[in-house]
Each structure stands twice: as C-alpha cells, then as structure tokens.
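Accompanying notes for the structure given below.
Side chains are part of it too, since the values below use all heavy atoms of this structure and drop only hydrogens, waters and symmetry mates. Because the structure is a prediction, the values reported are computed rather than measured. Residue numbers count from 1 along this sequence.
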Amino acid sequence: MVPDPGTTIRPHRLRPLAGPRRIPVRTNAHGTPVVVLFEGQERTITAIQDHWRIDDEWWRETPTERMYYQLQLEGGRVITLYRELREGTWWLQRY
C-alpha cells in the first residue's frame, strides 16, 4: 500500500486526459468526410468502417447532437471523428 503523502487534494488542478481536439475536415456533397488534416498532413479517407449518431442530454438547454465516424486513412491508420451537428464543427476523438 502507498503511504498517505499528507498533502491537500487540489481538484482545481485536475484536467481530463485525451480530450477531443478540433480538426479540419473536407466533405463531399453529402456531408461525408473525405479528407482530414491529421498530424499536419492532408490524409485521404479510404474507408468508413462505422458511423453512428449520439443524441444525449436532451433535457439541457444545449443537448448533445453528434455524428461519429470511425475512419481508415491512407496508410491504414484508423481514427474516430465526430461532427457537432449544432455547430457544424469536426473533432478528433482521442482515447
């Protein structure tokens, strides 16, 4: 067991890990992502492995409305993006 360090807990210094990051995305005429600026380079999306919609916290003033995409990029890397449907912004979901 780890001994108690005796210091005061400071919740104001806590921060979430692996939070989402805004990311530039180019879409086709249907709004489907086709190119993403990932790690400083434009990457073509070679496959959409999955997509799903989340509608949550409907009781709040601004409910969560997102469309998620699990995408395969050229070179084989798989990432998850979501689009904030109310704002139209794209975010990289990091795990």
Side-chain angles (χ1 to χ4, degrees):
M1 188 148 107
V2 177
D4 181 359
T7 60
T8 305
I9 297 173
R10 295 185 201 113
H12 69 281
R13 298 186 68 196
L14 298 176
R15 61 183 172 82
L17 297 175
R21 185 183 66 187
R22 197 158 176 186
I23 190 167
V25 175
R26 199 169 342 138
T27 61
N28 64 16
H30 303 289
T32 305
V34 291
V35 175
V36 62
L37 184 63
F38 184 71
E39 296 178 340
Q41 295 182 346
E42 281 195 351
R43 306 282 175 97
T44 301
I45 296 165
T46 57
I48 297 176
Q49 295 184 343
D50 198 4
H51 67 282
W52 62 98
R53 183 178 170 131
I54 299 288
D55 291 298
D56 198 11
E57 299 183 4
W58 49 267
W59 62 90
R60 296 189 185 270
E61 187 175 320
T62 54
T64 300
E65 296 176 0
R66 295 178 180 168
M67 189 68 186
Y68 280 82
Y69 295 87
Q70 187 173 22
L71 307 170
Q72 182 174 345
L73 305 179
E74 58 186 333
R77 179 108 184 235
V78 176
I79 62 171
T80 302
L81 300 181
Y82 67 85
R83 183 172 186 221
E84 282 285 354
L85 297 176
R86 290 180 166 265
E87 301 169 5
T89 54
W90 288 91
W91 298 81
L92 174 66
Q93 180 68 56
R94 300 182 302 171
Y95 298 102

_With heavy-atom distances below 4.5 Å as the criterion, would you say the side chains of Ile45 and Val35 are in contact?_
no
*Straight-line distance of Glu39 CD to Arg77 CZ, nearest 0.5 Å*: 4.5 Å
*Distance from Arg21 atom CZ to Leu81 atom CG, nearest 0.5 Å?*
10.0 Å
*According to the side chain to side chain donor-acceptor pair (under 3.5 Å) rule, which pairs have a member within residues 22-36, sequence neighbours left out?*
Arg26-Glu42
*How close do Ile79 and Leu92 get, heavy atom to heavy atom, and via which atoms?*
CB-CD1, 4.0 Å
*side-chain hydrogen bond (donor to acceptor under 3.5 Å, both in side chains) partners of Arg43, counting only residues at least two apart*: Gln41
*Any chance you could measure Asp55, atom CG, to Thr64, atom OG1, to the nearest 0.5 Å?*
9.0 Å
*Is it true that Leu71 and Leu85 fall in one hydrophobic cluster, defined by side-chain heavy atoms closer than 4.5 Å?*
yes
*Side-chain donor/acceptor of Thr89 to backbone N/O of Glu84, under 3.5 Å*: no
*Looking at Trp91, Tyr82, Trp90, which one forms a ring-ring contact (aromatic ring centres under 6.0 Å, His included) with Tyr68?*
Tyr82
*Would you say Glu74's side chain and Thr44's backbone share a donor-acceptor pair under 3.5 angstrom?*
yes
*Over 12 non-hydrogen atoms of neighbours within 6.0 angstrom of CH2 in Trp52*: yes
*Shortest non-hydrogen contact from Pro33 to Val25?*
CB-CG1, 3.6 Å
*asked:* Using 0.5 Å steps for rounding, measure from the CD1 atom of Ile48 to the CD atom of Gln72.
replied: 11.5 Å
*Residues in salt bridge (charged side-chain N to carboxylate O under 4.0 Å, His left out) with Arg60, at least two apart?*
Glu57
